[in-house]
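Data first, discussion second: the structure below is written as structure tokens.
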Amino acid sequence: MKRYCILILLTAFSVLSFTGKPIHSQVQRQTTFPKFKVHVDIHCEDKNTKASIESHIKRELRSLQDVQIEAGSKDAGYGLMIIALEGKYEQTGQKSGSMSIAYMFLQKFRMRMYKGLITNAGWEVLKSFENELYFPPILGVGNYNTDTIYKVGKDIVVRFDTQILEPIRKINSQFSN
């Protein structure tokens, strides 16, 4: 009887090892991290241009699976601020077909990560500023033709993703393995 039990156990282990199914000790712990909450704020004189830029930016952000667009900046941990200025001819005031874009990427300072490094008195002072402290922003500018306004969203979101979100994803992946 004892031999049959050992034979059955050996058979079961060998079958499991050949099926490619992970054995309990080989299963890696998978941690899911919350989505990046991003607030988008766009300023532009022309309402149609503003709506178009906002549509393209938000579409590109939604294509990132781990981003959630927030309506207000209070709940968002990240901000994407854009100022768009359409070029106009000085003599006639007509639009020139070009646009200058200035953008800023913001990331809130999360004090929870530093709680053990700050004294209790210092912690109470910093806690009162929690929704107002940001890491130094990343600034950028670009010139676009108004006919290719769709490129604005793609260019800016690619920079936001690579300069802000990707480094955080790498850190998170180290903790999940």
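What you see is a predicted model; the values in this text were computed from it and never measured. Sequential numbering from 1 along the given sequence is applied to the chain's residues.
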Study note, to complete from the structure: Here the pair of heavy atoms bringing Lys95 nearest to Tyr89 is O-CE1, 3.8 Å
**Study point:** Same cluster (ILVMFWY, side-chain, under 4.5 Å), Leu85 and Tyr144
**Key:** no
Revision key, fill the gap. Residue set satisfying salt bridge (charged side-chain N to carboxylate O under 4.0 Å, His left out) with Glu166, at least two apart, ordered chain then number -> Arg169
Review point. Looking at Ile53 and Ala84, what are the two nearest heavy atoms and their distance?
Key: CD1-CB, 3.7 Å
Point to revise | Nearest-0.5 Å distance that lies between atom CE in Met81 and atom CG in Leu139 | key: 11.0 Å
Under 3.5 Å, sequence neighbours excluded: what are the donor-acceptor pairs made by side chains of residues 33-44?
from, atom 1, to, atom 2, distance (Å)
His39, ND1, Glu70, O, 3.3
His39, ND1, Ala71, O, 3.2
Asp41, OD2, His43, NE2, 3.4

Practice item. Flag the pair Tyr103 / Phe160 as yes when at least one side-chain heavy-atom distance between them is below 4.5 Å, and no otherwise. Key: no
Review point. Roughly how far, to the nearest 0.5 Å, is CG of Leu64 from CG of Leu165?
Key: 7.0 Å
Practice item. Find out if a path of hydrophobic residues (ILVMFWY) with successive side-chain heavy-atom gaps under 4.5 Å connects Ile168 to Phe105. Key: yes
Point to revise | side chain to side chain contact (heavy atoms under 4.5 Å, CB included) partner of Val152, chosen from Ile101, Ile82, Thr49 | key: Ile101
Exercise for review: Report yes or no: do Val158 and Val67 belong to one cluster of Ile/Leu/Val/Met/Phe/Trp/Tyr joined by side chain heavy-atom distances under 4.5 Å?
Suggested key: no
Review point. Under 3.5 Å, side chain of Ser63 to main-chain N/O of Glu60, donor-acceptor pair present?
Key: yes
Check your understanding: Does Val141 share a hydrophobic cluster with Ile138, counting links as ILVMFWY side-chain heavy atoms below 4.5 Å and allowing steps through other members?
Key -> no
**Study point:** side chain to side chain donor-acceptor pair (under 3.5 Å) involving Lys151 - partner list, sequence neighbours excluded
**Key:** none
Point to revise | Approximate separation, where rounding is to 0.5 Å, of Leu61 CG and Asp66 CG | key: 10.5 Å
Check your understanding: Given Glu54, which of Lys58, His56, Lys50 fulfils the side-chain hydrogen bond (donor to acceptor under 3.5 Å, both in side chains) condition?
Key -> Lys58
Check your understanding: So which heavy atom on Gly97 is nearest to which on Asn145, and how close?
Key -> O-OD1, 3.0 Å
Check your understanding: Is there a path of hydrophobic side-chain contacts, each under 4.5 Å between heavy atoms of I, L, V, M, F, W or Y residues, that connects Met99 with Ile83?
Key -> no
Point to revise | Nearest-0.5 Å distance, CD1 of residue Ile149 to CD of residue Glu86 | key: 7.0 Å
